[in-house]
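Input: a single structure, listed below in structure tokens.
Fair warning: this is a prediction, and the values are worked out from it, not measured in the lab.
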Amino acid sequence: PDQPPLPIAEPELYREPGGAVSLDSDLYVERSPIETDCYREILQPGALIRIKAPRQMGKTSLMARTLNLARQHGYQTISFSFQRADRQCFSDLDLLLRWFCEQVGRRLKRLSQLDEYWKMGGSKDKCYYYFLECLLEELDQPLAIAMDEVDLVFPHREVADDFFGLLRSWFDAARCGDADSELWQKLRLVIVHSTEAYVPLDMNQSPFNVGKNVELREFSRSEVEDLAQRYGLNPNVVDAIVQLVGGHPFLVRKAFYHLRRQDVTLEQFQQIAATEEGIYSDHLRVHLLNLRKYPQLIEALRQVVVRGKPVQLEAELAFKLESMGLITLQG
């Protein structure tokens, strides 16, 4: 009675936050209705879900749970990250599409047929018909493919336009009503990318704009309170944490982790959180390095910071600062 059990097993509470939250973790907080929308969408014929947000907002964790739901419904499921692609793939469409087909074909044990498809035709046609004839025609159940860190393709405009144009054509093919539509309806895609990738891009060149768009928001106040309870923390810490970092999922988890370990007191945490000594130094340094590349963004952010009320920014600067997770837009 004097030491009631914690809501979560000890090992999980003492694991440094970082990366995706594992499927069996009780530290994953749902942000309704985001999860429900993704779970419903992945079950639709020819579904395409785009999950986007700034860094460390929980994109990969949501991707994993969406794919897990598909697996529970009997789907074939495959996930991979574009981090695994060699650098030269991003400058050559044929290499990128061949790598993409290899990721899927190897998992479905259909890699041996790939060479035959790669002997003739254009790069997009080779990939198109490999998926249609060699994969989808042979599957009795839907195929769900989740692709993480797709933003690595964005800066390479010629390759990006062709690659995303191909994915868009698959999405459209599932809705054409012709003989192949039923096959393309078996394919369900989940595409995950960081919105920081928008910063160096021309705002008028949208990298991708079809399918179900899912933008991850920060935790609400009640969701932060829920997470504090899961860490076994006093609810009184919530006000201080929200005041400092809002509801940013990774930053909140990191604070709760260190407070739970008693590495710092709440007072010490408040004093050093924004300094080189604080637990957020790496996170802040990444933003600082990115901002230094774009003096216009620095000046725009300075306007927001030094004034006590909302300011009006040029549309492109506002869009890019919001994409980095540094400002919120009102009206």
Side-chain angles (χ1 to χ4, degrees), residues 8 12-21 25-32 34 51-62 194-196 199 215-292 297-298 300-311 318 320-330:
I8 298 174
E12 191 176 358
L13 286 169
Y14 285 97
R15 188 177 297 132
E16 177 82 33
V21 181
S25 174
D26 290 322
L27 293 177
Y28 183 81
V29 177
E30 290 199 355
R31 285 169 270 188
S32 180
I34 290 173
I51 301 174
K52 63 180 184 177
R55 293 174 59 250
Q56 300 175 318
M57 286 288 288
K59 301 183 294 297
T60 305
S61 300
L62 175 59
S194 170
T195 50
E196 276 96 347
V199 174
E215 296 191 49
L216 286 185
R217 59 169 175 80
E218 291 191 343
F219 288 153
S220 66
R221 169 62 185 247
S222 62
E223 288 162 352
V224 175
E225 291 174 347
D226 179 13
L227 188 59
Q229 184 178 10
R230 298 185 194 206
Y231 271 93
L233 293 172
N234 190 313
N236 295 337
V237 306
V238 172
D239 281 335
I241 301 303
V242 170
Q243 181 69 26
L244 274 170
V245 300
H248 189 291
F250 173 73
L251 301 185
V252 170
R253 285 187 65 207
K254 197 168 180 68
F256 287 171
Y257 165 79
H258 285 280
L259 291 172
R260 175 72 186 82
R261 281 173 51 94
Q262 299 181 346
D263 294 334
V264 292
T265 66
L266 182 59
E267 292 73 23
Q268 292 170 329
F269 173 78
Q270 291 173 295
Q271 290 172 3
I272 66 173
T275 72
E276 285 288 337
E277 186 186 358
I279 63 173
Y280 299 136
S281 59
D282 289 343
H283 176 85
L284 294 171
R285 196 175 299 113
V286 168
H287 280 304
L288 183 60
L289 292 173
N290 285 335
L291 284 170
R292 281 178 173 165
L297 292 182
I298 291 181
L301 184 61
R302 192 190 310 278
Q303 291 182 48
V304 175
V305 171
V306 300
R307 298 187 190 180
K309 58 182 180 180
V311 299
K320 292 186 174 183
L321 287 173
E322 185 191 31
S323 297
M324 296 172 72
L326 292 176
I327 65 172
T328 56
L329 302 181
Q330 298 177 8

message: Arg55 vs Met324, test: side chain to side chain contact (heavy atoms under 4.5 Å, CB included). Steps then yes/no.
response: CA-CA 8 Å; Arg55 293 174 59 250; Met324 296 172 72; over 6 Å; no

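- With Arg253 contributing its side chain and Pro17 its backbone, the two residues share no donor-acceptor pair below 3.5 Å.
- Between the CD atom in Glu322 and the NZ atom in Lys320 there is a gap of 13.5 Å [rounded to 0.5 Å].
- The shortest distance between side-chain heavy atoms of Val199 and Asn290 does not fall below 4.5 Å.
- Nearest heavy atom pair, residue Arg31 against residue Glu223, reads CA-OE2, 3.5 Å.
- Note on ring orientation: taking the six-membered ring where Trp is involved, the planes of Phe250 and His283 are tilted (angle from 30° to 60°).
- Minimum heavy-atom separation, Thr275 to Ser281: O-CB, 4.0 Å.
- Taking the side chain as every heavy atom from C-beta outward, Leu27 and Tyr231 approach each other to under 4.5 Å.
- Pairing each heavy atom of Thr60 with each of Ala20, the nearest pair is CG2-CB, 3.9 Å.
- Residue Tyr280 forms a side-chain contact (heavy atoms from CB on, under 4.5 Å) with just one option from Leu251, Leu244, Ile272, and that option is Leu251.
- Closest heavy-atom contact between Ile327 and Ala318: CD1-O, 3.6 Å.
- Note that CG of Asp282 and NZ of Lys254 are 7.5 Å apart. Values are rounded to the nearest 0.5 Å.
- To the nearest 0.5 Å, atom CD of residue Glu30 and atom OG of residue Ser61 are 12.0 Å apart.
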query: side chain to side chain contact (heavy atoms under 4.5 Å, CB included) between Leu321 and Leu291: does it pass, once the steps are laid out?
result: CA-CA 9 Å; Leu321 287 173; Leu291 284 170; 4.1 Å; yes

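- Between Val29 and Arg230 there is a side-chain heavy-atom pair separated by less than 4.5 Å.
- Looking only at side-chain heavy atoms (C-beta outward), Glu16 and His258 come within less than 4.5 Å of each other.
- Within the 4.5 Å cutoff, the side chain of Met57 has heavy atoms near those of the Glu218 side chain.
- Considering NZ of Lys52 and CG of Leu216, their distance stands at 11.0 Å, rounded to 0.5 Å.
- Closest approach of Ala228 and Val238 over heavy atoms only: CB-CG2, 3.9 Å.
- Counting only heavy atoms from C-beta outward, the side chains of Ile279 and Asp263 never approach each other to under 4.5 Å.
- The shortest heavy-atom contact between Ala255 and Ile241 is CB-CD1, 3.8 Å.
- Under the 4.5 Å side-chain criterion, counting only non-hydrogen atoms from C-beta, Phe219 is not in contact with Asp226.
- A 4.5 Å side-chain heavy-atom check between Gln270 and Thr265 finds every atom pair outside the cut-off.
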